[in-house]
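Reading through the structure tokens given below for one structure.
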Amino acid sequence: MDAYRYTLADFYASDSPSVVEPPADWGAWLAEPATQACMALFEQPLLAAPRAATRIASRFDGTERDVINLTSYNYLGLATHPEVIGAARDALETYGLGASGAAMLSGTYDVHVRLAEQLAAFKGREACALFSGGLMANYGALQGMLRRGDVLVMDEKCHQSIIDGGTLARAKSVFFRHNDPDALAAVLEAHRGKRVLVAVEGVYSMDGDLGDLTRLAPVCAAHGAPLYVDEAHSSLLFGRTGRGIAELQGVEDQVAVTFGTLSKAFGGVGGFICSTQAIVRYIKAYASAYAFSCAPSPPVVAGCLKALEVATRNHDLQDRLWRNVARMRANLEAMQLNLGDSASQVIPIIIGDSAELLFDIARRVQARGVFLQPVDYPAVPADQRRFRLSVTAMLTDTQIDDACNVIEDEIAQRVKR
Ligand SMILES: Cc1ncc(COP(=O)(O)O)c(C=O)c1O
């Protein structure tokens with residue numbers, strides 16, 4: 001079998017006699033040495049914190065190595081900030097490890113109340129609901145608000161958790177062309193009279209480009225369609241006070257519900273949505289991800305409270321991040337790599353349609369001490385296989401330049417623009 005001819009997209013619906021027996025062709029593909037060599041690049045254990053310099057146990061060659069980390073979402077370095085670690089450690093002593101209950105029953109602690117209040121204040125909203133994951137927050141909010149017969153209108157590049165949220169609610173899912181206000185208007189026109197919700201993102205997670213809220217929000221307003229904005233990769237980073245792309249583009253008053261995750265710039269784990277008191281209460285009552293799941297771990301919540309304080313105290317971390325993004329971009333642009341439309345700390349290096357080339361480069365780059373991960377189809381279009389690079393505030397100039405030298409040798413030399 002030519003393993004590179006197939007991807008994960010090929011086997012999900014293959015024949016199988018039983019739901020607990022994966023398809024035989026999937027098993028045969030997985031057993032191919034080439035597939036195993038590719039799979040070995042995923043789930044490689046980190047042996048240290050997600051700092052700019054960390055250590056991984058490479059699954060593809062069985063060695064442990066120090067690496068420059070261009071893959072973690074620890075954009076501002078808050079996952080490893082001493083004050084954040086201190087706050088989480090204190091909370092661990094006070095509350096123990098887990099919340100040991102759903103928020104409605106025994107899982108709400110004073111730290112949860114404080115974080116929800118402060119996130120609502122930070123986002124300039126009346127109320128906030130916390131979830132134990134970002135994906136859970138999208139599931140919960142969308143399943144809580146929408147129902148059968150409603151229409152969830154999504155930008156075609158929306159994250160899987162938004163798509164799944166609509167499915168959970170049994171709403172009709174409709175996509176419009178990425179960032180295209182005319183396409184959005186046509187979809188809304190076609191669903192006139194229905195209860196609709198339009199979902200878009202601030203920073204698109206695989207491309208690093210920005211949602212064009214300035215042009216999309218007025219279309220929603222003209223059609224009376226509420227707007228839901230996923231600011232997973234933009235909260236704490238964009239806008240004058242760090243509220244995200246809606247703040248940057250001056251359309252916050254046109255956003256009905258704003259979503260954030262605690263797993264990216266906040267450096268923890270968990271998710272949240274902010275909106276009016278009325279809709280947040282309603283979501284909490286009807287979202288399974290809120291009502292039927294254990295509340296977030298108190299030490300993580302306390303760490304995120306401190307992360308919010310540190311990140312909004314001044315602009316120092318953001319300034320360092322944007323300085324690093326500018327340096328990284330300048331280096332990559334000089335190599336004439338295809339960086340798509342990235343306008344953020346997420347920078348794709350698009351290499352094209354060859355999975356074999358993608359994985360071969362990934363192994364070489366990592367063997368030379370740069371932790372940069374490949375993204376294959378179906379996570380991205382088959383002709384736009386890529387590396388997804390995350391710039392963080394913690395990188396030093398030397399680390400950026402050293403990583404770029406490896407990228408130049410291993411990617412730029414082999415990938416034609
Ligand atoms: C745009 C977007 N929304 C939601 C999520 C889910 O967040 P989490 O990883 O915190 O569950 C992600 C995760 O990568 C994301 O990129």
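Every number for a ligand or one of its atoms is a count from 1 in the order of the listing.
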### Task
Distance to 0.1 Å, residue and atom name: give those for the protein heavy atom nearest to atom 15 (C) of ligand 1.
His159 CD2, 3.3 Å
### Query
So do the side chains of Gln366 and Gln373 get within less than 4.5 Å of each other, counting heavy atoms only?
yes
### Message
With a cutoff of 4.0 Å, is Ser161 in contact with ligand 1, counting heavy atoms of the residue only?
### Response
yes
#### Entry: Sub-4.5 Å side-chain heavy-atom contact between Val196 and Val187
no
### Ring center gap for Trp322 and Phe238 short of 6.0 angstrom
yes
### Message
salt bridge (charged side-chain N to carboxylate O under 4.0 Å, His left out) for Arg313 and Glu309? Distances and angles first, verdict last.
### Response
CA-CA 6 Å; Arg313 190 181 280 163; Glu309 184 196 320; 3.1 Å; yes
### Message
Go through it in stages, so that I can follow the logic: the residues are Glu43 and Arg59, the test is salt bridge (charged side-chain N to carboxylate O under 4.0 Å, His left out), and I'd like the CA-CA distance, side-chain angles, deciding distance and then a yes or no.
### Response
CA-CA 8 Å; Glu43 298 185 19; Arg59 287 180 59 221; 5.4 Å; no
### Task
Report yes if some N/O of Gly270 lies less than 3.5 Å from some N/O of ligand 1; otherwise report no.
no
#### Entry: Close side-chain approach of Thr80 and Pro50, heavy atoms under 4.5 Å
yes
### Task
Report, in ascending order of atom number, the atoms of ligand 1 lying under 4.0 Å from any heavy atom of Ser263.
8 (P), 9 (O), 10 (O)
### Winner among Leu262, Asp230, Thr261 once heavy atoms are compared against atom 4 (C) of ligand 1
Asp230
### Query
Any idea which atoms of ligand 1 are less than 4.0 Å away from a heavy-atom of Ser205?
16 (O)
### Message
Can you tell me how the ring of Tyr6 sits relative to the ring of Phe11, calling it parallel under 30°, perpendicular over 60° and tilted otherwise?
### Response
tilted
### Query
What is the closest protein heavy atom to atom 6 (C) of ligand 1, and at what distance does it sit?
Leu135 N, 3.5 Å
### Arg114 atom CZ, over 12 foreign heavy atoms within 6.0 Å
yes
### Task
Show the numbers, then the answer: is there a salt bridge (charged side-chain N to carboxylate O under 4.0 Å, His left out) between Asp316 and Arg320?
CA-CA 6 Å; Asp316 291 358; Arg320 270 162 59 187; over 6 Å; no
### Query
Hey, which atoms in ligand 1 end up nearer than 4.0 Å to a heavy atom of Glu201?
1 (C)
### Task
Go through ligand 1 atom by atom and flag the ones less than 4.0 Å from a non-hydrogen atom of Gly134.
6 (C), 7 (O), 8 (P), 10 (O), 11 (O)
### Message
At less than 4.0 angstrom from any non-hydrogen atom of Asn138, what atoms of ligand 1 do you find?
### Response
3 (N), 4 (C)
### Atom indices of ligand 1, in the order listed, that fall short of 4.0 Å to a heavy atom of His233
15 (C), 16 (O)
### Message
Is there a polar contact, in the sense of an N or O pair closer than 3.5 Å, between Val203 and ligand 1?
### Response
no
### Message
How far is atom 9 (O) of ligand 1 from the closest protein heavy atom, and which atom is that?
### Response
Lys264 NZ, 3.1 Å
### Task
Report the C-alpha distance between Arg323 and Asp397 in whole Å, list the side-chain angles of each, state the deciding distance to 0.1 Å, and finish with yes or no for salt bridge (charged side-chain N to carboxylate O under 4.0 Å, His left out).
CA-CA 10 Å; Arg323 222 189 109 262; Asp397 288 355; 3.0 Å; yes
### ligand 1 contacted by Met136 (non-hydrogen, < 4.0 Å)
no
#### Entry: Under-4.0 Å heavy-atom contact with ligand 1, by part of Ile162 that carries it
neither
